[in-house]
Amino acid sequence: MSEQEITFEEAIKDLEEVVRKLEDGTVSLDESLQLFEKGVELARLCRAKLDQFEAKIEILLERNGESVTEPFAQKETE
Amino acid sequence: MNQPQVITVSELTKMIKASLEQPQFHNIAVEGEISNFKHHTSGHMYFTLKDETSRIKAVMFRSRNARLTFVPQDGDTVIVIGSLGVYEPNGEYQIYVDQMLPQGVGALHMQFEALKQKLAQEGLFAAERKRKLPFLPRKIGIITSPTGAAVRDCISVIRRRYPAMDILVIPAIVQGEAGPPSIIAALELAAGRSDLDVIILARGGGSIEELWSFNDENVARAIAACPIPVVSGVGHETDFTIADFAADLRAPTPSAAAELAVPDYRDLAQMVDQYMKQLIMTVEKTLHEKRQAVAYLTERRVFLRPEERIQREQQRIDELISTISRIMAHRFSITKQALENLAGKLDSLSPLAVLARGYAVCQKMDQSVVTDTRQVSCGEWVTVRLKSGSLLCQVEEGGTKTLE
């Protein structure tokens, strides 16, 4: 399971499933520890996904027939 | 010449009514100028619709006019849609108005309805065509004027909900003739990128003419064809555009579109934290239960006091030893008793005891015991042993042994 391949939604679903299984209480101790490890890893992954952004605001501009992105400076007035 | 049949006014009016209230006069759209407009206290609207040469009375009941988005007044040119009818008490025919649209707007409205119907029939607005918005987009594209209020609203809402979210503004002209081709070009640009997960198509509020770019057929088709989910946020709450119907999700305003496109960071973080807490709680609970199970077992006596068994075994050994000792002591005392008995017997048999009773043993010098007078001769020396000590005696008489 690569961090790139899995989306936040998938990761959180998996995490939910892990928690559900654990709460179910029918798993063995060994299995529950494995699930716990998996869950912690998924939670870490979810957190990483949430924090992967850079707060970039860009604008797509046309320059010499090519699209380029530039930081977007918001103008105060219309 | 036949005398015409006499009928009553009511009968005539009924005949006129029947001839006027025909399908051809149902659902007719009539353009004209309002005069004698009167909004009665009952809520119904009464007015006359006129043009240069003709006039017709019109009524718009309260239930119909409640939905009007403008206040009609004398001099307004409007398009009314309704049916012809006869008001029998006054013998007047009039239009019963279902809908009233300001002129210009009226024409646009009909264009709008026609296009909406056409595209709906094509299935362009079908629910199954709508794509689900990503739960957490990687980057959001905003197609709008880079200088408008809409872009500011969208960015501030996104910033508030998800401070670190990446945003790409794709400039487009959002009103006038140049609007539709510019919006379509922007959609195509966005579609050509691989980093956008959702597109917000936004424009602030304006008149219906100003929003008209979003009622363009090609814009609608470009939205439907866009591989990236599109959220529309055009105008105000009440403004519906063709773009709204073609979009995957319609928001009433640009801010609302941003709201729908971006999850709230705190909600998601809280969700992750909550799951994390549950994880820890459940594992702690499991561990606690297992520990208790182990504790329950180990608290049994065997585990709790392993030395007890040893002590018990030692005790048994001790018991065995003491039993053996007892038996041995018993045996010993029995043996001792027997020995004493024997000793007693032995004692009674002892020559010393006999001597004690006054008997004596007579021995010749060679130690042989004299039991017969014939063993000794007179004059012979013998030893007489008493209880204590012995006597050396010479036989004076009785010895019958003959001397050799």
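Of residues 275-287 of chain B, those residues with a non-hydrogen atom less than 4.5 Å from any non-hydrogen atom of chain A are, in numerical order, B:Tyr275, B:Met276, B:Gln278, B:Leu279, B:Ile280, B:Thr282, B:Val283, B:Thr286, B:Leu287. Using a 4.5 Å cut-off between non-hydrogen atoms, the part of residues 261-271 of chain B that approaches chain A consists of B:Tyr265, B:Leu268, B:Ala269, B:Met271.
Across B:Glu289, B:Gln274, B:Arg193, the residue that shares the most heavy-atom pairs under 4.5 angstrom with chain A is B:Arg193. Chain A forms the most heavy-atom pairs under 4.5 Å with one residue out of B:Leu189, B:Val272, B:Ile167, and that residue is B:Ile167. For the set A:Leu60, A:Val40, A:Leu15, A:Leu35, the entry with the most heavy-atom pairs within less than 4.5 Å of chain B is A:Leu60.
Counting heavy atoms from C-beta outward, B:Asp273 and A:Arg47 have side chains that approach closer than 4.5 Å. Residues B:Leu168 and A:Ile59 have side chains not in contact (no heavy-atom distance under 4.5 Å, counting atoms from C-beta outward). The shortest side-chain heavy-atom distance between A:Thr7 and B:Pro134 does not fall under the 4.5 Å cut-off.
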Any chance you could lay out the side-chain contact (heavy atoms from CB on, under 4.5 Å) test for A:Lys49 and B:Arg138, step after step, and finish with the verdict? CA-CA 9 Å; A:Lys49 292 262 167 205; B:Arg138 283 168 302 165; over 6 Å; no
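Note on residues 216-229 of chain B: pairs passing side-chain hydrogen bond (donor to acceptor under 3.5 Å, both in side chains), not counting sequence neighbours, are B:Lys118-B:Glu217, B:Glu122-B:Arg221, B:Glu217-B:Arg221. Screening residues 178-192 of chain B for side-chain hydrogen bond (donor to acceptor under 3.5 Å, both in side chains) gives no qualifying pairs among residues at least two apart or on separate chains.
Only one option out of A:Glu9, A:Glu10, A:Lys13 pairs with B:Phe135 in a side chain to side chain contact (heavy atoms under 4.5 Å, CB included); it is A:Glu9.
Interface remark: A:Ser32 contributes backbone and side-chain atoms alike to the contact with chain B (heavy atom separation under 4.5 Å).
In plain terms, the two heavy atoms of B:Arg159 and A:Ile57 that are nearest each other are NH2-CG1, 3.0 Å. Scanning both residues, B:Tyr162 and A:Asp51, for their nearest heavy atoms gives OH-N, 4.5 Å.
For the atom pair CG of B:Leu136 and CZ of A:Phe53, the computed distance is 4.0 Å after rounding to the nearest 0.5 Å.
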